[in-house]
Amino acid sequence: MRKIFVLALLVFGTIGINAQETSKKSKPSAAKVAGAGMVYVSETIDYGTIAQNADGRREFVFTNNGNAPLIITNTQGSCGCTVPSSPKEPIAPGAKGVIGVKYATDRVGSFIKTVTVSSNAAGQPTKILTIKGNVVASAAKS
């Protein structure tokens with residue numbers, strides 16, 4: 001009876017290890033993709049608490065993880081207070097790029113805004129990035 005129990009443990013243990021190895025191998029990697037691709041360092045920028053009229057410029061950094069040049073065709077803020085900028089030239093495979101965004105910090109209060117990026121990225125030609133934070137009123141000058 002004891003031999004059967006030990007044998008069963010060995011068989012099921014081996015099956016479990018093989019299943020884990022198979023699942024590790026089947027996960028898609030963020031490495032190279034066919035065509036152009038975009039992998040961001042972060043898809044959300046948190047301004048935290050920021051003073052009214054402070055510098056509202058921030059950057060989304062990305063890498064073209066594809067094997068073709070990445071072309072950004074458009075960037076659009078969700079409102080007039082969110083103004084994005086993007087590279088005009090194609091981003092070579094493996095190269096980094098930056099999507100700039102400027103939030104109008106003259107508006108007091110919390111905010112959550114988006115930037116929509118349109119490109120030739122394979123699998124996801126439209127990407128939505130998020131900025132958020134809280135603008136607090138500047139102290140009154142005496």
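- In this structure a side-chain-to-backbone donor-acceptor pair under 3.5 Å is missing from S78 to K113.
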Does N134 form a side chain to side chain contact (heavy atoms under 4.5 Å, CB included) with I50? I'd like the steps, not just the answer. CA-CA 6 Å; N134 185 35; I50 186 169; over 6 Å; no
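- In the hydrophobic clustering of ILVMFWY residues, with side-chain heavy atoms under 4.5 Å counting as a link, I99 and I45 come out together.
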So I131 and T82, side chain to side chain contact (heavy atoms under 4.5 Å, CB included) or not? Walk me through it. CA-CA 9 Å; I131 62 170; T82 306; 3.9 Å; yes
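- Taking CE of M38 as the reference point, atom NZ of K127 lies at 9.5 Å (rounded to 0.5 Å).
- The side-chain heavy atoms of V61 and Y40, taken from C-beta on, include no pair separated by under 4.5 Å.
- Taking CG of D55 as the start and NZ of K102 as the end, the distance is 7.0 Å to the nearest 0.5 Å.
- Using a 4.5 Å heavy-atom cutoff, the side chains of C81 and Y103 are in contact.
- A heavy-atom distance below 4.5 Å is not found between the side chains of N120 and T73.
- The NZ atom of K96 sits 12.0 Å away from the CD1 atom of I91 when rounded to the nearest 0.5 Å.
- With a 4.5 Å cut-off on side-chain heavy atoms, I112 and T130 count as touching.
- Summarising the geometry, atom CG belonging to L70 is positioned 5.0 Å from atom CG belonging to N64; distances are rounded to the nearest 0.5 Å.
- The minimum heavy-atom distance between P93 and N67, with the atom names listed, is CG-C, 3.6 Å.
- Between Y47 and F111, the ring planes are perpendicular. Angles over 60° get that label, and only those under 30° would be called parallel.
- For the pair V135 and Q52, the tightest heavy-atom approach, listed with the atom from each and the gap, is CG1-CA, 3.6 Å.
- Of all heavy-atom pairs spanning Q124 and S119, the tightest one is O-OG, 4.5 Å.
- Side-chain atoms of S42 come within 3.5 Å of backbone atoms of T44 as a donor-acceptor pair (strictly under, hydrogens ignored).
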Evaluate side chain to side chain contact (heavy atoms under 4.5 Å, CB included) for V136 paired with V108, printing each intermediate quantity in order. CA-CA 6 Å; V136 294; V108 174; 5.7 Å; no
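- The two residues S86 and T75 come nearest to each other via the heavy atoms CB-CG2, 3.6 Å.
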Step-by-step side chain to side chain contact (heavy atoms under 4.5 Å, CB included) determination, I72 to F62: CA-CA 12 Å; I72 297 174; F62 64 88; 3.7 Å; yes
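- Rounded to the nearest 0.5 angstrom, D46 CG and K132 NZ are separated by 5.0 Å.
- Closest of all the heavy-atom pairs between T126 and S118 is OG1-OG, 4.4 Å.
- Across all their heavy atoms, P87 and V98 have their closest contact at CD-O, 3.2 Å.
- Put simply, OG1 on T114 and CG on L129 are 8.5 Å apart, with the number rounded to the nearest 0.5 Å.
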